[in-house]
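Take a look at the structure set out below.
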Amino acid sequence: MNIEEKLSAVVKAAVSALYGIEADDKSVQLSATRKEFEGDLTLVVFPFLKASKKKPEETAQEIGDYLVANASEVEKFNVVKGFLNMVIKKGHWVSALNNILADDNFGKKTPTPESPLYMVEYSSPNTNKPLHLGHVRNNLLGSSLCRILEACGLRVVKTNIVNDRGIHICKSMLAWKLFGNGETPESSGKKGDHLVGDYYVKFDKEYRAQVKELMSQGQSEEDAKKNAPLMVEAQQMLKKWEDGDAEVRALWEKMNNWVYAGFDETYKRMGVSFDKIYYESQTYLDGKAKVNEGLEKGVFYRREDGSVWADLTKDGLDEKLLLRADGTSVYMTQDIGTAQQRFRDYDISRMIYVVGNEQNYHFQVLSILLDRLGFKWGKDLVHFSYGMVELPEGKMKSREGTVVDADDLMDKMVEDAKQMSLELGKLQDCSEAEVDEVARICGLGALKYFILKVDPRKNMMFDPKESIDFNGNTGPFIQYTHARICSVLRKAAEMGITLPNKLNEDLQISDTEGMLIQSLASYPDVVAQAGKEFSPALIANYIYDLVKQFNSFYHDFSILKEGNEDVRAFRLLLSKSVAKVVKSGMGLLGIEVPERM
RNA sequence: GGUCGGGUAGCUCAGCUGGAUAGAGCAACAGCCUUCUAAGCUGUGGGUCAAGGGUUCGAAUCCCUUCCCGAUCACCA
């Protein structure tokens with residue numbers, strides 16, 4: 001039980017004894033005291049004024065007296081208006097630090113075989129182009145969310161649905177066939193996903209030229225788009241694919257494999273992975289079957305042209321197409337099939353889709369459709385809807401070449417980190433491999449932190465012209481603090497200082513140190529909150545605050561030069577605990593921390 | 001037009017289950033390295049929390065109206 005919970009109980013006892021009311025959790029508002037006032041924890045007494053029928057100051061005074069008499073942790077208190085500021089005994093903070101030191105898994109819970117199973121879908125790329133910054137946000141949020149949920153004691157299956165079929169892939173295939181001259185990743189030295197993406201762009205370029213040409217011959221834009229030879233041929237290719245044409249299937253497999261090899265590299269570098277990957281080429285048939293089943297049961301209806309629809313007007317939505325007139329499936333159909341397979345494969349208690357907020361409507365519809373098809377978990381699916389990454393000129397658009405490529409961005413970040421490191425010259429006695437490793441950790445750390453510190457639900461801005469910072473509220477700032485602590489601990493070891501496992505609670509510590517421990521002690525609550533709200537940003541902002549606080553302490557207090565050995569040992573263990581929490585929290589964000597930089 | 005988001009310092013973002021004088025970083029300016037890593041620390045300036053109304057002892061936070069921005073309502077995924 002932490003100090004807030006303990007004191008909360010005593011406050012309830014206090015108002016019960018003093019004013020004869022049973023206070024609920026909501027009315028007991030305890031929070032960290034603002035730094036301009038004396039104290040560690042503050043109780044807001046306004047909610048009790050009705051019962052006390054006394055002035056705020058008087059009420060606070062009475063509750064304060066009760067707390068000092070009945071809560072051993074409370075040393076004294078002061079009252080400012082309706083705020084009761086409690087000073088907690090220093091011994092309590094030392095004891096709290098002892099608890100943190102003793103717990104190797106501090107802040108995290110361990111899932112058991114009985115824990116609920118959460119399946120988290122994220123990444124979900126198309127196989128016609130490389131990953132860009134938008135995918136990066138998705139991947140980082142998804143993988144971090146999985147780590148956080150596990151730290152909250154849940155079992156997690158990380159999954160990915162690869163959209164490996166459809167007209168967009170056929171476009172790349174066709175362009176490669178027509179203009180590729182047999183180019184391969186080996187022959188060109190290009191990463192497979194980039195190579196395939198190049199042909200997707202090539203298709204679009206040639207296609208637009210054809211549309212323009214047809215329009216100059218007098219066709220309407222709509223007709224021209226439909227009749228352009230390239231589009232006609234791509235559609236024929238899609239049809240051949242569905243019919244199982246051997247040649248088309250072979251090309252499809254070849255090019256998809258190029259893409260997968262490229263994705264694997266990018267995923268590995270980002271530090272994301274999956275327990276189970278689904279492919280739409282293997283789920284869309286199940287989806288079609290399920291839709292046809294729904295059609296027979298009268299859940300859906302067929303129009304004159306043969307297409308199949310769901311009527312959602314009773315739910316306040318529109319009508320939704322599920323099968324085209326030619327019987328081919330759409331996105332929604334595939335998602336139904338995928339969902340079915342997943343629940344067949346795993347005993348899922350909750351399904352979470354990490355997908356951008358542009359698809360809010362899609363998931364609203366999916367939830368209803370699954371429910372109507374008789375899947376009892378349909379209603380409870382969670383769409384973890386995150387905001388878009390915007391550029392100064394607006395949304396990223398593949399065709400307009402305004403995308404920020406994931407691989408390029410990571411390269412740039414690592415390069416910048418190396419440059420910075422060389423300029424500062426702190427790693428002069430390291431091998432080149434070590435220098436590169438630090439640059440990798442810091443560069444990726446800067447990128448990941450930059451993205452994860454923002455509230456997932458909000459759109460965020462990225463300006464490619466301005467490089468991501470390494471100072472201030474950034475990943476490297478936090479990593480730097482960790483490296484410094486490691487450095488101090490290394491020096492302590494060199495000096496032959498041995499650290500006790502447990503500190504004497506009579507030790508006199510400063511307010512600064514007490515407050516630092518108070519921050520450390522709140523880490524488990526932050527992790528729980530992040531899991532509840534699906535927000536890695538809460539962890540990022542917490543670590544930043546913690547680190548800022550530590551840096552201030554580090555500046556104002558000596559550690560190794562402290563004359564009193566007990567105090568020196570305390571400060572070393574305090575620093576060590578900060579490093580431990582920083583490493584743990586950054587770990588939940590998928591960010592590594594270096595031991596020197 | 002319907003639905004759903006969002007608008008906080010010059011810029012990027014916290015704060016939003018109502019609590020004290022709205023916070024950080026970047027940018028600007030001024031200090032701090034013979035002392036544990038200056039990717040750091042300290043300070044200054046910078047705000048009509050989009051606007052108006054309401055609820056409340058108390059509103060950036062909750063409710064209503066208006067304005068602005070975005071997403072979506074595809075036989076794309």
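Proteins get letters first, then strands, A, B, ... in listed order; numbering begins at 1 in each. Note that the coordinates shown come from a computational prediction; the quantities given were computed from them, not determined experimentally.
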Reckon [X] has a side-chain N or O less than 4.0 Å from the OP1 or OP2 of [N]?
X      : N      : answer
A/S487 : B/rU37 : yes
A/S31  : B/rG19 : no
A/N471 : B/rG40 : yes
A/K81  : B/rU21 : yes
A/R324 : B/rC76 : yes
A/K458 : B/rA14 : yes
A/K491 : B/rU37 : yes
A/R484 : B/rA38 : yes
A/K548 : B/rG25 : yes
A/R568 : B/rC36 : no
A/N551 : B/rC41 : yes

(request) Measure distances between side-chain N and O atoms of A/N473 and base N and O atoms of B/rC13, and say whether any donor-acceptor pair falls under 3.5 Å. (result) no

(request) Test for a donor-acceptor pair under 3.5 Å between the base of B/rA77 and the side chain of A/S124, counting only N and O atoms. (result) no

(request) Classify the nucleic acid contact of A/R596 as base, sugar-phosphate or nothing, counting any heavy atom under 4.0 Å across all strands shown. (result) base

(message) Using a 4.0 Å heavy-atom cut-off, does A/H362 contact any base of the nucleic acid, only the sugar-phosphate backbone, or nothing at all?
(response)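 No contact.
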
(message) Using the side-chain heavy atoms of A/L538, tell me which of these nucleotides is nearest: B/rG18, B/rU37, B/rG15.
(response)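 Minimum distance to the A/L538 side chain belongs to B/rG15.
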
(message) As a test of reading the structure: which of B/rA77, B/rU37, B/rC57 is closest to the side chain of A/Y331, going by heavy atoms?
(response) B/rA77

(message) Could you tell me if A/R302 sits above the aromatic ring of A/W309, with its cationic atom closer than 6.0 Å to the ring centre and no more than 45 degrees from the axis?
(response)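 Checked: cation-pi criterion not met.
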
(request) Establish, yes or no, whether the cationic atom of A/R457 lies under 6.0 Å from the six-membered ring centre of A/Y386 and within 45° of the ring axis. (result) no

On a whole-Å scale, what distance lies between the [atom1] atoms belonging to [N] and [M]?
N      : M      : atom1 : answer
B/rC16 : B/rA77 : C1'   : 34 Å
B/rA59 : B/rC49 : P     : 13 Å
B/rG23 : B/rC32 : P     : 28 Å
B/rG43 : B/rA50 : C1'   : 32 Å
B/rU42 : B/rG6  : P     : 34 Å
B/rG31 : B/rC68 : P     : 48 Å
B/rU21 : B/rA60 : P     : 11 Å
B/rG40 : B/rG15 : C1'   : 25 Å

Output yes if the stacking criterion (under 5.5 Å between centres, under 30° between planes) is met for [X] over the base of [N], else no.
X      : N      : value
A/F37  : B/rA20 : yes
A/F83  : B/rA20 : yes
A/Y480 : B/rG40 : no

(request) Pull up the glycosidic torsion of B/rC11 and say syn or anti, syn being anything within 90° of 0. (result)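 Anti for B/rC11; the angle lies over 90° from 0.
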
Under 3.5 Å for both donor-acceptor distances, Watson-Crick or wobble: does [N] have a partner, and if so which one?
N      : value
B/rG25 : B/rC11
B/rG5  : B/rC69
B/rA20 : none
B/rG47 : none
B/rC75 : none

(message) Parallel, tilted or perpendicular, judged at 30° and 60°: which one describes the rings of A/F363 and A/Y353?
(response)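 Geometry flag for A/Y353 against A/F363: tilted rings.
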
(message) In terms of relative ring orientation, are A/W252 and A/W241 parallel, tilted or perpendicular, with 30° and 60° separating the classes?
(response) perpendicular

(message) Aromatic contact between A/F48 and A/Y19, with the criterion being ring centroids under 6.0 Å apart: yes or no?
(response)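 Centroid separation for A/F48 and A/Y19: 6.0 Å or greater.
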
(request) Kindly say whether the aromatic ring centers of A/F477 and A/Y544 come within a distance under 6.0 Å. (result)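 Here the rings of A/Y544 and A/F477 have centres that are less than 6.0 Å from each other.
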
(message) Just by distance, no angles: are the side chains of A/Y279 and A/Q334 close enough, under 3.5 Å, to form a donor-acceptor pair?
(response)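 There is no such pair between these side chains.
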
